[in-house]
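This report concerns only the one structure given below.
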Amino acid sequence: MKNIKDRIGVLQDDITVLEVDAIVNAANTSLLGGGGVDGAIHEAAGPALLVECRTLGGCPVGEAKITKGYLLPAKHIIHTVGPVWRDGEHGETELLRNAYSNSLKLAKKHGIQTLAFPNISTGVYRFPKRRAAKLAIETVRTFLEKNSTPKKVLFVCYDGENYGIYQEILNANL
Ligand code: ADP
């Protein structure tokens, strides 16, 4: 198996343009669309996505559900729900870790080889960015060490601040 370092990438981009097996959506528990990356994904995938999402019955925080990608270049969308940051004393860390690990498990189950994550919970949900990045990288790395699928995981940063944080952590630790 390839080195873990070669199986993790970071880029600054709009996640909706990526040609990967699946992109992850930072959704809310209704799975019926919202703002931020969720809004961008629904906009780019087209209205058929909402039709499928309506059949899913929502998604609890930390869990994940899969749909087709519709008009996206990505074949699938894994919808997960990150926690809203309150004060760090309400299980936020574990819930964010679950959002990443349950997305990875679902990707593996569906044979997804290339998977792209946005910076879950770091927008409207206000999870501290550096803390979220460390947790995301650690969770992905641990999963990839034990599993050969997905082959490649990309962290897709939209804002420059997150991009800088991810580059710094990955360069320091790998
Ligand atoms: P949350 O509610 O989980 O915080 P947001 O969508 O508000 O979700 O923000 C999560 C992250 O997604 C933020 O870092 C934000 O900059 C980023 N983001 C917003 N639009 C896009 C996009 N089109 N592609 C990738 N990331 C995006």
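What's counted below: heavy atoms across the whole structure, side chains too, no hydrogens, waters or symmetry copies. Given the structure is predicted, the values throughout are model-derived calculations rather than measurements.
With rounding to the nearest 0.5 angstrom, the CD atom of E161 is 11.5 Å from the CD atom of Q12. Separating the CG atom in N102 from the CZ atom in F143 is a distance of 9.5 Å, to the nearest 0.5 Å. Taken to the nearest 0.5 Å, the OG1 atom of T149 stands 14.5 Å off from the NZ atom of K109. From I77, atom CD1 reaches atom OH of Y70 across 8.0 Å, with rounding to the nearest 0.5 Å. To the nearest 0.5 Å, atoms CG (N119) and OH (Y125) are separated by 15.5 Å. With rounding to the nearest 0.5 Å, the separation of CG in L154 from CG in L18 is 7.0 Å.
Residues V153 and F117 are in side-chain contact: their nearest non-hydrogen atoms beyond the backbone lie under 4.5 Å apart.
In this structure, the side chain of T80 engages the main chain of E63 through a donor-acceptor pair within 3.5 Å. Remark: the backbone N or O of G88 is paired with a side-chain donor or acceptor of E92 at under 3.5 angstrom.
Note on ring orientation: taking the six-membered ring where Trp is involved, the planes of F127 and W85 are perpendicular (angle over 60°, cut-offs 30° and 60°).
Taking each heavy atom of T67 and H79 in turn, the nearest pair found is OG1-NE2, 2.9 Å.
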TODO: Report the C-alpha distance between I4 and R7 in whole Å, list the side-chain angles of each, state the deciding distance to 0.1 Å, and finish with yes or no for side chain to side chain contact (heavy atoms under 4.5 Å, CB included).
DONE: CA-CA 5 Å; I4 299 298; R7 294 172 62 203; 3.7 Å; yes
- [ ] Quick one: do N162 and D159 satisfy side chain to side chain donor-acceptor pair (under 3.5 Å)? Show the steps, please.
- [x] CA-CA 6 Å; N162 263 320; D159 59 277; 3.2 Å; yes
Open item on the list: Show, in sequence, the C-alpha distance, side-chain angles and deciding distance for I78 and N25, and conclude whether the side chain to side chain contact (heavy atoms under 4.5 Å, CB included) test is met.
Closed with: CA-CA 6 Å; I78 291 178; N25 181 15; over 6 Å; no
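Transitive grouping of hydrophobic side chains (ILVMFWY, heavy atoms separated by less than 4.5 Å) brings L49 and I23 into a common cluster.
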